[in-house]
Amino acid sequence: MAVLTYGFWVVLNGKITWEIMLLGLPVAALAMFFLCACCDWSLKKEGRLYRCVPQLIVYAGVVIWEIIKANLVLGRTVYRGRPRPVVRTVETGLKSRFARMVLANSITLTPGTITLSLKGNHLTVHCLTPEMAEGLDCTVFEKRLKKMEELLHG
């Protein structure tokens with residue numbers, strides 16, 4: 001978070017000078033102090049977050065790839081005129097609320113599927129075809145998010 005806060009400071013200033021960079025250090029330090037004091041943040045959590053960055057990059061690539069594949073399937077389905085909408089509720093094994101929210105949004109980003117609700121560990125998803133609904137049991141999104149949860153929470 002300290003690095004992100006410092007980077008945000010530099011971006012908001014719109015230019016890079018020695019004065020801005022040096023003034024940004026105490027601003028980022030104060031922001032980090034605030035996070036540790038008031039928001040239950042620690043340097044240990046900070047280290048875990050940085051270890052998760054490569055997994056986040058891979059996850060972004062997986063989401064993009066799944067969007068491309070789903071676009072092709074969706075185009076073929078619509079062209080043939082064979083959509084058969086299905087609403088399905090699936091249970092996820094993700095532990096954190098944040099990971100479940102990321103999963104729900106990833107499903108919604110994928111063409112042909114929309115997450116209608118997220119309550120506890122249960123996601124209600126609208127799918128354009130029954131085949132899309134079958135793929136919700138153990139998605140590649142959930143597998144990647146479980147790996148990230150393990151890195152963050154141990």
Mind checking the [atom1]-[atom2] spacing from [X] to [Y]? Nearest 0.5 Å is all I need.
{"X": "Ile67", "Y": "Asn71", "atom1": "CD1", "atom2": "CG", "value": "7.5 Å"}
{"X": "Leu123", "Y": "Arg88", "atom1": "CG", "atom2": "CZ", "value": "11.5 Å"}
{"X": "Met132", "Y": "Thr77", "atom1": "CE", "atom2": "OG1", "value": "5.0 Å"}
{"X": "Met148", "Y": "Leu56", "atom1": "CE", "atom2": "CG", "value": "5.0 Å"}
{"X": "Met21", "Y": "Asn13", "atom1": "CE", "atom2": "CG", "value": "11.0 Å"}
{"X": "Ser117", "Y": "His126", "atom1": "OG", "atom2": "NE2", "value": "13.0 Å"}

Testing the basics here: between [X] and [Y], what is the closest heavy-atom pair and its distance to 0.1 Å?
{"X": "Thr5", "Y": "Ala28", "value": "CG2-CA, 4.0 Å"}
{"X": "Tyr59", "Y": "Ser106", "value": "OH-OG, 2.5 Å"}
{"X": "Pro111", "Y": "Ala70", "value": "O-CB, 3.6 Å"}

Under 3.5 Å donor-acceptor, [X] side chain and [Y] backbone:
{"X": "Trp9", "Y": "Ile20", "result": "yes"}
{"X": "Thr108", "Y": "Thr115", "result": "yes"}
{"X": "Thr139", "Y": "Gly135", "result": "no"}
{"X": "Thr124", "Y": "Leu116", "result": "no"}

State whether the number of non-hydrogen atoms from other residues, nucleotides or ligands found under 6.0 Å of Leu22 atom CG is greater than 12.
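Atom CG in Leu22 is crowded, with more than 12 foreign heavy atoms closer than 6.0 Å.
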Residue Phe8 excluded, over 12 heavy atoms near CZ under 6.0 Å
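No, CZ of Phe8 has 12 or fewer neighbouring heavy atoms, counting only those of other groups under 6.0 Å.
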Tell me whether [Y] is reachable from [X] by hopping between hydrophobic residues (I, L, V, M, F, W, Y) whose side-chain heavy atoms are closer than 4.5 Å.
{"X": "Phe141", "Y": "Val102", "answer": "yes"}
{"X": "Val90", "Y": "Leu145", "answer": "yes"}
{"X": "Leu25", "Y": "Met32", "answer": "no"}
{"X": "Val62", "Y": "Leu136", "answer": "yes"}
{"X": "Val86", "Y": "Ile114", "answer": "no"}

Is the shortest distance from a Lys or Arg side-chain nitrogen in Glu149 or Lys146 to a carboxylate oxygen in the other one below 4.0 Å?
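Lys146 and Glu149: not salt-bridged.
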With a 4.0 Å cut-off on N to O distance, would you call Arg84 and Glu131 a salt bridge?
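Looking at Glu131 together with Arg84, the answer is yes, because their closest N to O distance falls below 4.0 Å.
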Consider side chain to side chain donor-acceptor pair (under 3.5 Å). Of Glu142, His122, Arg100, which one does Thr92 pass it with?
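Only one option passes, and that is Glu142.
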Sequence neighbours left out, what pairs pass side-chain hydrogen bond (donor to acceptor under 3.5 Å, both in side chains) with at least one residue falling in residues 49-58?
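Passing the test, one end in residues 49-58: Glu46-Tyr50.
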Under 4.5 Å between any side-chain heavy atoms of Asn105 and Met101, yes or no?
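Sidechains of Met101 and Asn105: in contact.
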Could you go through Lys147 and Leu151, starting from their C-alpha distance and side-chain angles, then the distance that decides it, and tell me whether this counts as side-chain contact (heavy atoms from CB on, under 4.5 Å)?
CA-CA 6 Å; Lys147 286 182 184 179; Leu151 281 174; 5.9 Å; no
